[in-house]
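These numbers come from a predicted model, not from an experiment.
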Amino acid sequence: ELRSVGRPTWLGLALFGLTLPAHLLLEKDSSLVLAAITLALIGGAYIGFGAADGRRSVFWSELAVALVFGAAAVAGLLWHWAALPLGLAFHALWDLAHHNARCLARVPRWYIPFCVVFDLMAAAFLVLLYTR
């Protein structure tokens with residue numbers, strides 16, 4: 001079990017490490033757009049999991065929650081940047097909610113630790129970046 005969590009965790013860290021330089025090189029406005037797109041895409045991943053699950057109610061609930069993450073992405077652009085790291089942190093909680101949950105979309109076991117690590121690292125980084 002530990003091995004199944006370890007590799008995805010390292011992959012989440014690696015993906016975070018690959019995206020970090022883009023934010024450091026971009027102007028703040030462009031970084032905000034990149035963070036918003038990332039949050040919207042991450043939130044949308046569960047639409048696919050919901051469709052693959054095959055249960056209609058699961059699909060609609062995953063779509064509804066994905067729309068909330070999309071709204072957080074838009075709020076981060078139009079209202080306040082803090083909506084972006086908050087959306088990422090809440091997405092980590094959404095990932096964790098899928099662990100052994102029978103009423104939510106079935107998600108590959110590796111995806112949860114991978115995404116939780118990326119979400120939390122990215123959220124913390126954005127707070128540090130935008131408050132400096």
Should Phe69 and Phe90 be marked as a ring-ring contact (aromatic ring centres under 6.0 Å, His included) after you check the CA-CA gap, both sets of side-chain angles, and the distance that decides it?
-> CA-CA 9 Å; Phe69 290 117; Phe90 280 111; 8.1 Å; no

Can you check whether [X] reaches [Y] side chain to side chain, under 4.5 Å on heavy atoms?
| X | Y | value |
| --- | --- | --- |
| Thr19 | Phe125 | no |
| Asn100 | Arg109 | yes |
| Lys28 | Leu129 | no |
| Ile42 | Phe118 | yes |
| Thr131 | Trp81 | yes |
| Asp29 | Leu32 | yes |

Taking [Y] as the starting point, is it possible to reach [X] by hopping between hydrophobic residues whose side chains are less than 4.5 Å apart?
| X | Y | value |
| --- | --- | --- |
| Leu96 | Leu11 | yes |
| Leu34 | Leu15 | no |
| Phe16 | Ile37 | yes |
| Leu18 | Leu26 | no |
| Leu93 | Val68 | no |

Test item: His99 side-chain N/O and Ile112 main-chain N/O as donor-acceptor pair under 3.5 Å =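 It does not hold such a pair.
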
When you measure from the side chain of Glu62 to the backbone N and O of Ala105, does any donor-acceptor pair fall under 3.5 Å?
-> yes

Given the rule in the side-chain contact (heavy atoms from CB on, under 4.5 Å) test, do Trp94 and Cys115 qualify, once you have shown the distances and angles that lead to the verdict?
-> CA-CA 10 Å; Trp94 187 242; Cys115 202; over 6 Å; no

Stepwise, does the side-chain contact (heavy atoms from CB on, under 4.5 Å) test hold for Trp79 with Val74?
-> CA-CA 8 Å; Trp79 174 63; Val74 171; over 6 Å; no

If you take all heavy atoms of [X] and [Y], which pair is closest and at what distance?
| X | Y | result |
| --- | --- | --- |
| Ala51 | Phe59 | N-CD1, 3.7 Å |
| Ala36 | Ala73 | O-CB, 3.3 Å |
| Gly76 | Ala83 | N-CB, 3.6 Å |
| Gly87 | Ala72 | CA-CB, 4.4 Å |
| Leu63 | Ile47 | CD1-CD1, 3.7 Å |

Take Leu88 and Leu120 through the test side-chain contact (heavy atoms from CB on, under 4.5 Å) and record every step on the way to the result.
-> CA-CA 7 Å; Leu88 286 164; Leu120 294 178; over 6 Å; no

Interatomic distance, Leu104 atom CG to His98 atom NE2 [nearest 0.5 angstrom] = 4.5 Å

Quick one: which residue pairs count as a side chain to side chain donor-acceptor pair (under 3.5 Å) with a foot in residues 33-53, not counting sequence neighbours?
->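 Every pair satisfying side chain to side chain donor-acceptor pair (under 3.5 Å) with a residue in residues 33-53: Tyr46-Asp95, Asp53-Arg55, Asp53-Arg106.
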
Determine, stepwise, if the pair Phe49 / Val58 fulfils side-chain contact (heavy atoms from CB on, under 4.5 Å).
-> CA-CA 9 Å; Phe49 291 137; Val58 168; over 6 Å; no

